[in-house]
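Read the structure below first, then the notes.
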2 protein chains.
Amino acid sequence: MNAPGQIIKQGRKWDQVLEGARTVFMRDGFEGASVDDIVREAGVSKATLYSYFPDKRLLFVEVAKAECKAQSDEAIKEVEGSDDIRVALSQAAGRMIRFFMSDVGIQVYRIVVGESQRFPEIGREFYDCGPAMVRSILVEFLKRAVADGKLKIDDIDLAADQFPELCKAGLHVQMVLGLRDKASDEEIDRVIAGAVDMFLCKYGVAD
Amino acid sequence: MNAPGQIIKQGRKWDQVLEGARTVFMRDGFEGASVDDIVREAGVSKATLYSYFPDKRLLFVEVAKAECKAQSDEAIKEVEGSDDIRVALSQAAGRMIRFFMSDVGIQVYRIVVGESQRFPEIGREFYDCGPAMVRSILVEFLKRAVADGKLKIDDIDLAADQFPELCKAGLHVQMVLGLRDKASDEEIDRVIAGAVDMFLCKYGVAD
DNA sequence: TAATATATAAACTGACCAGTTCAGTTTTTT
DNA sequence: AAAAAACTGAACTGGTCAGTTTATATATTA
């Protein structure tokens, strides 16, 4: 009755379908997931699924976008936290690592990379609401730090590409390839410290 | 007739099969490639293919291993070239970038990442003759440089993880996601210079 | 030359799966 | 309560594909 200003739902089971699709895609990948599995998981009929989504591929795109957005929102929560640039960078590094080392993050990355040749728009969607998102936040952060005299960077775009890569430090590729399923806190702290040390060595101002 | 358990190891058409498989896998990915396409491309009968390889998956593993090895051999050709550590590092960076930015390198990475969940041994094989290979070469190089007093590194393992990541600098992910198909020489040079600068800033000895 | 190993084409099996259709049921709206 | 919208379940279509089998052909070698 009272749903004023609410976005008109296309149907009652939209979320249900998306959630089921999420579960199955994350578990089985894109090719590995059958639409029949998805409708079973979602507790929905096949006809219903196809009344919402024209095909399996676009259903996955929707899932991936939702997943990216959820993670971005989580990561953005607060970019700033400390006046000490070293502390701030360490916090940012920690957020980024959790961003792309999480189970869902790894899994979405795997699927998107695997399918991005046959379905290029998947790669674009993922990039725009994943890496590009992080990157633009980082650029803003670095600009402010430079303006505040806390960092000295001539090529901010390059620096914004370098820092996330430093935060991977071999761990990401191992997880993506399935060689390990988690990184210990010690390892992550070591990688963060190494990344921040190196970044500040190059771009820090003399204290 | 055919003794069970006997594995056919050699035959005239082994290379022919592998070459055809390489072409089709690189063009269409793993799922996208059909065995019929491969035998057509290789100019070989299906029965012949299956007399050499027990299934499609292991055929792909063999292709990926051969591809990795070819690229590694290419990259290893000469690790050293200059006494100047900056020049030597720049050359190493250039080799690495060409290693994982090449068409074949990107394509193998895509396929391996996409399939590594369902077929974990593919991830392992790729890692061992790709990233791990590069890494061990780099570790040796860095150890020697430290021994020669040209670098000062406390955690060589970490440094050997950081340098290749610095060489990616956002380009790799864009290529893997299909957002661009090549990087200009200027971009590559800029990335190399940035990586070497940063690396030497942290690990270089005062001149 | 005869035996053996290797290769071939083509048909076949068995399974899987995306997407459609439709008659009938449930939920929401008027 | 009636109409409209959303949903169901199950069968069905049309297609793909990995892997096997068979009957036949060619090359090597003893």
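Because the structure is a prediction, the values reported are computed rather than measured.
- Distance, B/Asp37 CG to D/dC17 C1': 11 Å, rounded to whole Å.
- B/His172 places a side-chain heavy atom less than 4.5 Å from the side chain of B/Ile106.
- Taking side-chain N and O atoms only, B/Lys56 has a distance below 4.0 Å to OP1 or OP2 of D/dA18.
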**Request:** Walk me through it: do A/Arg86 and A/Asp197 pass the test salt bridge (Lys or Arg N to Asp or Glu O under 4.0 Å)?
**Result:** CA-CA 8 Å; A/Arg86 179 176 294 271; A/Asp197 267 8; 2.7 Å; yes
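- Between B/Arg124 and B/Asp128 there is a salt bridge, since at least one side-chain N of the basic residue sits less than 4.0 Å from a carboxylate O of the acidic one.
- One can place CG of B/Asp36 at 13 Å from P of C/dA11, the figure rounded to the nearest angstrom.
- Per the geometry, OH belonging to A/Tyr50 stands 17 Å off C1' belonging to C/dC22, to the nearest Å.
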**Message:** Checking A/Asp36 against A/Arg40 for the side chain to side chain contact (heavy atoms under 4.5 Å, CB included) test, could you report, in this order, the C-alpha distance in whole Å, the side-chain angles of both residues, the deciding distance, and whether it holds?
**Reply:** CA-CA 6 Å; A/Asp36 290 288; A/Arg40 203 176 306 123; 4.1 Å; yes
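- The interatomic distance linking B/Leu49 (CG) with C/dA10 (P) rounds to 17 Å, in whole Å.
- Base engagement by A/Thr48 is indicated by at least one non-hydrogen atom pair under 4.0 Å involving a base atom.
- In this structure, CZ of A/Phe25 is placed 13 Å from P of C/dC17, rounded to the nearest angstrom.
- Of the charged side-chain nitrogens involved, none lies within less than 4.0 Å of a carboxylate oxygen, so that B/Lys182 and B/Asp103 do not count as a salt-bridged pair.
- Side-chain atoms of B/Tyr52 lie closest to C/dT6 of the nucleotides C/dT6, C/dA18, D/dA6.
- In this structure, the CZ atom of A/Phe53 is 15 Å from the P atom of C/dT20, given to the nearest Å.
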**Message:** Applying salt bridge (Lys or Arg N to Asp or Glu O under 4.0 Å) to B/Asp28 and A/Arg118, what does each step give before you reach the verdict?
**Reply:** CA-CA 8 Å; B/Asp28 300 333; A/Arg118 282 198 285 176; over 6 Å; no
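- For the contact set between residues 39-47 of chain A and DNA chain C, defined by any heavy atom under 4.0 Å, the members are A/Lys46, A/Ala47.
- A donor and an acceptor atom, one from each side chain of B/Tyr52 and B/Gln16, are nowhere located under 3.5 Å apart.
- Rounded to an integer number of Å, the gap from CH2 of B/Trp14 to P of C/dT6 is 14 Å.
- Between the NZ atom of A/Lys13 and the C1' atom of C/dT28 there is a distance of 13 Å, rounded to whole Å.
- Taking only side-chain atoms of B/Ser51, from C-beta outward, the nucleotide of C/dA7, D/dA18, D/dG19 with the closest atom is C/dA7.
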